[in-house]
Amino acid sequence: MARIFNTEGYCNPKWHYMVDLSERLTEIRSMVDRGQYFSIHRARQYGKTTLLAALTDYLKKDYEIVSLDFQALSSSAFKSESAFVAAFSRELFYSVRTFPDAVSENLRLLAGRTGEEFYLQDLLWILRNWSETCNRKIVLIIDEVDSATNNQIFMDFLAQLRLYYLTREKTATFHSVILAGVYDVRNLKKKLRPEEDRRNNSPWNIAAEFNIDMSFSTDDIAGMLKDYEADFHTGMDIAKMAGLLYDYTSGYPYLVSRLCKLMDERVPKMEPFSDKRNAWTKSGFTEALKILQNEMNPLYQSLKGKLEDYPQLRNVLYELLFTGKPIPYTIMNDYIEIAVMFGFIKNRNGTAVISNRIFETVLYNWFISEEYMNNRMYDLGVKEKNQFIAGGHLNVRRILEKFVETFDDLYGDQEETFLEDVGRRYFMLFLKPIINGVGNCYVEAETRNHERMDLVIDYCGEQFVIELKIWRGNAYLERGEQQLFDYLNYFHLEKGYMLSFNFNKKKEIGVKEIRFKNKVLVEAVV
C-alpha cells in the first residue's frame, strides 16, 4: 500500500510519511528507565498520540505496557467511583489481555459487575498485586486525560498514584506513569472555565518536567521529504522545501503534514500545476498555503473555541497582532500560560509572539473579518479592487496612493491616539479584499513593535514588502529606510514600500519614489 501524508489520527510508518522519532523516543526512554512520572501536554494535533503509539512499540520488549485512551470512556464512567473502577478495569483488559489468573479474576469482577459498590482502593489493590507478581516492570500510559482532569474521581485516582510513587520503595506500583493531553495536569485550574471555581492544587505535583521538543525541525521535515522523494521522484529541492515548510509553520506537526498532504494530493489536480513535479515547487507551496489558510479544519475549530471560551485571551492576541505593544512572556500570567498551552504563542527572547505565520494569518483574517460589515476602508477596498491588478500583477504603489487618499478623507482630522491605534489595522482591512482569493500576507514577527512592522505580500508568485511605521521624525525615517533596505536584501527584492503614519501638522501627504543605495523605495505618508 502506498504511503500518504496523514492529518487524521495517529501516524503509522507503514502507512504514512513521518519524521524520524527515534531521538525523541530515546530521550523519553531514559525518563521511563529512571521510573519518572510525567505528563506530555501540548496543543491540539501536536503529535502526542503518534508519539505515544511509537513509544508503546519502542518499550514493549522490556516493559509491560498498559496503554489507555480516556476518549474511549463515556461520560458515565466518571459519574461515580464504582463506574470509574469498572470502566478502567475494562480498558485494562483490552490493553493487556493477559494477566495472572488471580489478577484476571479480580479485574473481571470489577469490570463486569457495575451494579455493586467498588472503590479505587479495590482497583489499586489488584494493580499492586499485579505489580508484585509481574516479571516485568509496568508502565502506565493514558492518552487524552483532558476528558477527566476536572473530575474529582480522577483527581482521587491521581492522588493514589502519587501516594504509591512516594512510597514506591516499600510498595509495588507502576514503574512509570505517562499522562498525555492539552492541559497541564499539574495545574488543573486551567481546565475549568473562567466563571467556575478554580482548583489551585494538583496531586500530580510529583511529575517530572517534560522538556522534549515535539515540533519538527528543518532536518526532521527534510528527512520525511526524502522518503517521499524516493517514491515519487518529483525533482523538488528538498532543503528549500523543508525550509519553506518550517518558516511558515515553525514545525507545528499538523500544519507541516497538512501542507505536504495538499501538495501531494490537491495541488497536482489544479491548474496550472497538472502533476506532482510542478506541485512541489514554491508556487505549489504558495497554493497549498492559500488553501490551508482559508479552510476550516479541526485545528482551527479548536483554536476558535478557545478564544470564545477565554475572551481575555482573545484580547491578548489582538494586542500582539495589531498594536505591536510588547507583551512580556510571563508564565505566571494566567492568559499567557493558557495561550502557550493552546499553542497560540511562544517565547522569543522574553517576549510573547504568535507561534507561527499560519496562525498569525488565520487570526488576522478572523479578527479583520469581524470588522468587514461596518468598516468603510474594507468597503472601499472591495469597490476599488480592479484598479490595483493588471495582467495578473499587483500594483502596490497604486494601493498605497489610494489608501493615503482614502484614509486622509475619512480620518485625517482624528486625534493622534486614534490614528496610532488603528492605522495599520485599517490598511490591512483595505488590502484584504484586494488580494483575497489569490494572494496572502503575513507580518514578520521579528519586526513587529509599537512603532513598525513589516508586511509581506505573496501574490501570483511575486513578493512585496511594505514597512508600516509611526512617524518619529526624519532620523527615524532614515533608520526605517535602512531597515527596509536590509529586509529587501534578505528577500532578494529590488523594490520596497513604506507607509508612514505621520501626526505632524505640517506633514506632506502623498507617495514618492526614491533610490536608497541600490534599491527603489516607494514611500507613502498619511
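Count residues from 1 along the sequence.
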message: Is the distance from the ring center of F407 to that of F501 below 6.0 Å?
response: yes
- prompt: Can you tell which of I466, V526, V404 makes a side chain to side chain contact (heavy atoms under 4.5 Å, CB included) with F427?
  reply: I466
Value rounded to 0.5 Å, distance of CZ in R357 from SG in C441: 12.0 Å
- request: Run the numbers on D264 and W280 for side-chain contact (heavy atoms from CB on, under 4.5 Å), then give the verdict.
  value: CA-CA 8 Å; D264 177 47; W280 287 92; 4.2 Å; yes
task: Mind checking the CZ-CG spacing from R42 to D213? Nearest 0.5 Å is all I need.
output: 7.5 Å
message: Please check this pair: side chain of Q45 against backbone of L299, looking for a donor-acceptor N/O pair closer than 3.5 Å.
response: yes
message: Would you say that more than 12 heavy atoms from the other residues, nucleotides or ligands in this model lie under 6.0 Å from the CG of N349, or not?
response: no
- request: Decide if the gap between the ring center of F342 and the ring center of Y183 is smaller than 6.0 angstrom.
  value: yes
message: Just by distance, no angles: are the side chains of D143 and T49 close enough, under 3.5 Å, to form a donor-acceptor pair?
response: yes
field: Flag if over 12 foreign heavy atoms under 6.0 Å of CD, E27
entry: yes
message: Would you say that I399 contacts L431 through its side chain, given a criterion of any heavy-atom pair below 4.5 Å between the two side chains?
response: yes
query: Donor-acceptor pair, T249 side chain versus G251 backbone, under 3.5 Å?
result: yes
message: Could you tell me if the side chain of F344 sits less than 4.5 Å from the side chain of L307, heavy atoms only?
response: yes
message: Are more than 12 heavy atoms, taken from residues, nucleotides or ligands other than R266, located less than 6.0 Å from that residue's CZ atom?
response: no
query: Is the side chain of R277 donor-acceptor paired with the backbone N or O of H233 at a distance under 3.5 Å, no angle test?
result: yes
field: Point-to-point distance, once rounded to the nearest 0.5 Å, from CD of E401 to OG1 of T406
entry: 11.5 Å
- request: Would you check if the side chain of K276 reaches a backbone N or O of E265 as a donor-acceptor pair within less than 3.5 Å?
  value: no
- request: May I have the step-by-step check of salt bridge (charged side-chain N to carboxylate O under 4.0 Å, His left out) for E295 and R258, ending in yes or no?
  value: CA-CA 11 Å; E295 70 181 7; R258 184 62 183 155; 2.9 Å; yes
Y300/W366 aromatic ring centres below 6.0 Å: no
- prompt: If we only count heavy atoms from C-beta on, is the Y254 to N297 side-chain gap below 4.5 Å?
  reply: yes
message: Please report the interatomic distance CD1(I142) to CG(D69), rounded to the nearest 0.5 Å.
response: 10.0 Å
field: Minimum side-chain heavy-atom gap L225-L245 below 4.5 Å
entry: yes
field: Rounded distance (nearest 0.5 Å) linking atom CG of L429 with atom OH of Y378
entry: 8.5 Å
message: So does G343 get a backbone contact from the side chain of S355, meaning a donor-acceptor N/O pair under 3.5 Å?
response: yes
Side chain S257, main chain P253, donor-acceptor under 3.5 Å: yes
message: Are M224 and V256 packed together at the side-chain level, in the sense that at least one heavy-atom pair is separated by less than 4.5 angstrom?
response: yes
- prompt: Can you tell me if E513 uses its side chain to pair, donor with acceptor, with the backbone of L521 under 3.5 Å?
  reply: no
task: Test side-chain contact (heavy atoms from CB on, under 4.5 Å) on D231 and Y17 and set out the steps.
output: CA-CA 11 Å; D231 290 340; Y17 293 106; 2.6 Å; yes
- prompt: Do Y497 side-chain atoms and R397 backbone N/O form a donor-acceptor pair below 3.5 Å?
  reply: no
message: A side-chain contact here means heavy atoms from C-beta on lying under 4.5 Å apart; do S215 and Y46 qualify?
response: yes
query: From L455 CG over to L499 CG, what is the distance, rounded to the nearest 0.5 angstrom?
result: 10.0 Å
query: For D486 and Q482, does a side-chain donor sit closer than 3.5 Å to a side-chain acceptor?
result: yes
task: Provide the closest heavy-atom pair for S274 versus N278 in the form atom of the first, atom of the second, distance.
output: OG-ND2, 3.5 Å
field: Basic-acidic side-chain contact under 4.0 Å: K226, E229
entry: no
- line: Taking every heavy atom of G9 against every heavy atom of T50, the minimum-distance pair comes out as O-OG1, 4.5 Å
task: For L313 and A339, work out which heavy atoms get closest and say how close.
output: CD1-CB, 3.4 Å
message: For E360 and Y364: C-alpha separation, side-chain torsions, deciding distance, then whether side-chain contact (heavy atoms from CB on, under 4.5 Å) applies.
response: CA-CA 6 Å; E360 184 171 276; Y364 268 126; 3.5 Å; yes
message: For F285 and Y248, I'd like to know if the aromatic rings sit close, meaning centre-to-centre distance below 6.0 Å.
response: yes
- prompt: N356 and K346: side-chain donor and acceptor closer than 3.5 Å?
  reply: no
query: Do T330 side-chain atoms and N333 backbone N/O form a donor-acceptor pair below 3.5 Å?
result: no
- prompt: Can a donor-acceptor pair be found between the side chains of Y442 and D458 at a distance below 3.5 Å?
  reply: no
task: For N502 and S500, test the side chains for any donor-to-acceptor distance below 3.5 angstrom and give the result as yes or no.
output: no
query: Would you find a donor on one side and an acceptor on the other, under 3.5 Å apart, between the side chain of K290 and the backbone of V438?
result: yes
query: Taking the six-membered ring where the residue is Trp, are the ring centres of Y426 and F403 under 6.0 Å apart?
result: no
message: So that I know where these two stand, are Y318 and F367 an aromatic pair - ring centroids less than 6.0 Å apart?
response: yes
Worked verdict on V353 versus I345 for side-chain contact (heavy atoms from CB on, under 4.5 Å): CA-CA 5 Å; V353 297; I345 68 171; over 6 Å; no
message: Can you confirm whether E308 is buried at CD, in the sense that more than 12 heavy atoms of other residues, nucleotides or ligands lie under 6.0 Å from that atom?
response: yes
- prompt: So which heavy atom on I434 is nearest to which on K385, and how close?
  reply: O-CE, 3.4 Å
query: Mind checking whether E405 and D408 have side chains closer than 4.5 Å, heavy atoms only?
result: no
query: Which of these passes side chain to side chain contact (heavy atoms under 4.5 Å, CB included) with F430: R376, M377, R425?
result: M377
query: Just wondering, more than 12 heavy atoms not from K517 lying within 6.0 Å of its NZ?
result: yes
task: Specify the closest pair of heavy atoms between V19 and D220, including all atoms of both residues, with the distance to one decimal.
output: CG1-O, 3.6 Å
query: Are the side chains of W15 and N6 in touch, meaning some heavy atoms are under 4.5 Å apart?
result: no
message: Would you say D219 and S217 are linked by a side-chain donor-acceptor pair, where the criterion is simply a distance under 3.5 Å?
response: no
field: Nearest heavy-atom neighbours spanning Q463 and V456
entry: NE2-CG1, 4.1 Å
